[in-house]
Amino acid sequence: MSPATLTAAMADLRPAPGNPIRRFMVQNSRSEPWSQAERRFHMFLRAHGYDRWRSNVWVGIDGDSFPVDVLFDDLPLAVEVMSWAFHGNRENFQRDNDKIAGLVGAGWVYFPVTWRMLDDDERLTRTFAHAWDSAALVSLDQARRVRDTVTELGLPDRD
């Protein structure tokens with residue numbers, strides 16, 4: 001069930017205990033986070049006015065495909081929300097590091113986010129702003145080459 005379907009269903013509910021928290025969770029799932037940590041980072045982005053980003057975008061790098069947690073439409077900035085629960089085995093650890101190496105090698109600015117970072121809004125705000133500024137320093141020509149190097153895979157639209 002998509003976030004849009006859940007949002008429509010929530011609109012039809014009569015007032016009841018628990019509905020405010022349900023609405024909060026549905027609203028903060030509209031960007032389709034794959035984990036609670038991703039949901040918290042998406043909330044951070046919205047709260048701080050960052051827009052024109054997409055979540056869990058599949059990209060092709062050197063003949064392989066990887067999901068990237070957050071990509072920005074106008075900047076070569078890739079964010080990965082790292083968690084021990086997902087990355088706690090050798091295969092996932094290696095796959096993510098292959099993805100990171102491919103992104104950085106193609107000229108992207110890479111920014112990792114951990115659960116602990118999400119608990120320190122002041123520090124996350126400051127460090128993310130530095131990553132944003134670094135990505136903004138990339139020249140327009142370089143940004144075009146970066147976009148051409150990492151190609152987004154065509155996936156069907158979700159409702």
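Remark: Asp121 does not engage Arg40 in a salt bridge, criterion side-chain N to carboxylate O under 4.0 Å.
To the nearest 0.5 Å, atoms NE2 (His42) and OG (Ser55) are separated by 4.5 Å. For the atom pair Trp53 CH2 and Asp73 CG, the distance stands at 11.0 Å (nearest 0.5 Å). One finds the CG atom of Asp120 at 8.5 Å from the OG1 atom of Thr127 (value rounded to the nearest 0.5 Å). Between the CH2 atom of Trp108 and the CD1 atom of Ile100 there is a distance of 14.0 Å, given to the nearest 0.5 Å.
Across all non-hydrogen atoms, the minimal contact from Glu80 to Asp69 is OE2-N, 2.8 Å. Considering every non-hydrogen atom in both Ala135 and Leu77, the closest pair reads CB-CB, 3.9 Å. Summarising the geometry of Ala78 relative to Val68, their closest heavy-atom pair is CB-CG1, 4.0 Å, with the distance given to 0.1 Å.
Classification of the Phe128-Phe72 ring pair by plane angle, with boundaries at 30° and 60°, yields tilted.
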Problem - Intermediate values then yes/no, side-chain contact (heavy atoms from CB on, under 4.5 Å), Val59 and Leu71 - result: CA-CA 10 Å; Val59 297; Leu71 288 180; 3.7 Å; yes

Practice task
Starting from the C-alpha separation in whole Å, work towards a yes-or-no answer on side-chain contact (heavy atoms from CB on, under 4.5 Å) for Thr125 and Phe44.
Solution key: CA-CA 9 Å; Thr125 300; Phe44 165 85; 3.5 Å; yes

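The one candidate from Asp98, Asn97, Asn92, Asp96 that meets the side chain to side chain donor-acceptor pair (under 3.5 Å) condition with Gln94 is Asp98.
The side chain to side chain contact (heavy atoms under 4.5 Å, CB included) check on His130 picks up Arg126, with sequence neighbours excluded.
Within 6.0 Å of CZ in Arg95 there are more than 12 heavy atoms belonging to other residues, nucleotides or ligands.
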Give every donor-acceptor pair under 3.5 Å between a side-chain atom in residues 111-118 and any protein atom, sequence neighbours left out.
| residue | atom | partner | partner atom | Å |
| --- | --- | --- | --- | --- |
| Thr114 | OG1 | Met117 | N | 3.3 |

